[in-house]
Amino acid sequence: MTLKDPTLLRQQGFINGEWVDADSGETIDVNNPATGEIIATVPKMGAAETRRAIEAANEAWPAWRSMLAKDRAAILRRWFELMLENADDLALIMTSEQGKPLTEAKGEVAYGASFLEWFAEEAKRMYGDVIPQHQADKRIVVIKQPIGVTAFITPWNFPIAMITRKAGPALAAGCPAVAKPASQTPLSALALAVLAERAGVPKGVLSIVTGSAGAIGGEMTSNPIVRKLSFTGSTEIGKVLIKQCADTVKKVSMELGGNAPFIVFDDADVDAAVEGAIVCKFRNAGQTCVCANRIYVQDGVYDEFAKKLAAKVAQMKIGNGVEDGVVIGPLIDMAAVDKVEEHLADATSKGASVISGGKRHELGGSFYEPTVIANVTQDMMVSKDETFGPLAPLFRFKEEDEVIAMANDTEFGLASYFYARDIGRVWRVSEALEYGMVALNTGILSTEIAPFGGVKESGLGREGSKYGLDEFCEMKYMLLGGI
Ligand code: ADP
């Protein structure tokens, strides 16, 4: 990995403004999923280092919260600018540890940075309220205050954006933070910390601890100083963390798993739906929680859609994400490949047919061919469980009611997509889908200006948008009497 600025590649944790090793001296390897090569090591930290980071955050809190919002905003804005100035290096670090194509990594750097820009602006708009009094000699005022020390636990699929999406609003609101990145992708998080420090984020306001998930998460969730946990990851771990936070009654934000339906109605523009399905399903090799997991196509356009999708998918270039033209990189690890194979074997054993791809790629390792399967039904594993890989299952349906029932038949409720033109249907279906997000006639919905989040077991809270700041605020009601 040849960086323009090699100082962005750090192999130590960042606690209270200092680059440090684990107390034990132990490290964990970071590997490149495209080559299997070990590209770096990072400290294997645990509860003690996390506690120090939390205590440092608590010490940094009074000065950070009392700084004028305009001044915090200027620091966040500078951090945003530094991310863009260093976009090529950040993208290369990300592709090297995560595997996604370089163009996607650059897209994520811009997307990740946008949360810092947005919340730098929102920092100045943490407005309160004045409520008309209920008694003549009283006045009621509501103010918003930063909740306190916050902790983040983030996944490997968006190594930068999942951190800035939390750090932007937390820091904007006046909260310090301690973040634990996924062990597969700590280097992007550490590079972000380098830039945060350069931007003027004071020591202790943002620490990064790498290492043991259980030990770090255990300290974050049990330490009474921490007032808020923001987690992005699996529903399974999210439930564990919610339980752990119960003892100290912490506020939690949870961005958990999805099982996104992608519905194509007869009145859709089929070519546009095929394009949308490609970006929605195969971005990051299918490893996003908003990727289409179930593609429902109405009878009248099913055959045309299936044929066109399979033809496009067969042309996708697979390879190391740093190579030109590659649109699908390796999966994060072999466990991810196993899951795709398990879902595929289950589907084909119950009658589904492979119409494109269908096996490990000849490059070996965790490369897997983008795959389309037809004749998929609700009794197959893919209908219940998120594949998190490049497998596009096509279900056939006849009626609107039938597809809404199938789409909602899941404990998840994050993103949903549909393609249609009839205006009545557009309203009916948008309202009927039990999801936190509904995208119509497009396959990409993430943006910093809109509220991202799920319902049901997909999570709690929203990230981005004007609502994102509230997640890091407490509301205080002040009653003035004797007037
Ligand atoms: P994924 O399947 O996307 O890897 P996980 O929920 O397993 O999702 O991981 C998301 C994040 O949660 C990662 O940073 C991981 O290290 C962390 N994590 C995993 N297990 C625990 C745990 N028991 N306590 C705290 N964090 C955990």
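All ligand and atom numbering here is 1-based and tracks the order in the structure.
For atom 13 (C) of ligand 1, the closest non-hydrogen atom on the protein side is T154 O, 3.4 Å. Residue, atom and distance of the protein heavy atom nearest to atom 19 (C) of ligand 1 are A213 CB, 3.8 Å. Summary of contacts: the protein heavy atom closest to atom 15 (C) of ligand 1 is K180 NZ, 4.0 Å. What sits closest to atom 22 (C) of ligand 1 on the protein, heavy atoms only, is I237 CG2, 3.9 Å.
Put simply, the side chain of W79 gets close to the backbone of L192: a donor and an acceptor are under 3.5 Å apart. Side-chain atoms of S383 come within 3.5 Å of backbone atoms of M380 as a donor-acceptor pair (strictly under, hydrogens ignored).
We find the CG-CG distance between L195 and L206 to be 11.0 Å, quoted to the nearest 0.5 Å. Atoms OG1 and CD, on T164 and E117 in that order, are 12.0 Å from each other to the nearest 0.5 Å. To the nearest 0.5 Å, atom CG of residue N223 and atom CG of residue L229 are 12.0 Å apart. With rounding to the nearest 0.5 angstrom, the CZ atom of F152 is 14.0 Å from the NZ atom of K180.
Heavy-atom proximity to atom 6 (O) of ligand 1, evaluated over A335, S234, A215, P155, is greatest for S234. Considering only non-hydrogen atoms, atom 10 (C) of ligand 1 lies nearest to T232 out of T232, I332, L229, V240.
Against a heavy-atom cut-off of under 4.0 Å, W156 is close to the following atoms of ligand 1: 1 (P), 3 (O), 4 (O). With ligand atoms numbered from 1 in the order given, ligand 1 contributes 24 (N), 25 (C) to contacts under 4.0 Å with heavy atoms of L241. Each of the atoms 11 (C), 12 (O), 14 (O), 17 (C), 25 (C), 26 (N) of ligand 1 lies under 4.0 Å from some heavy atom of I153. Those atoms of ligand 1 that come under 4.0 Å of a heavy atom in G217, given as number and element, are 25 (C). Listed by number with element, the atoms of ligand 1 under 4.0 Å from a non-hydrogen atom of A182 are 14 (O).
Taking the six-membered ring for Trp and thresholds of 30 and 60 degrees, Y296 and F395 have ring planes inclined between 30 and 60 degrees apart.
Aromatic pair F80/F115: ring centres not closer than 6.0 Å.
By the 4.0 Å heavy-atom criterion, F388 is excluded from the residues contacting ligand 1.
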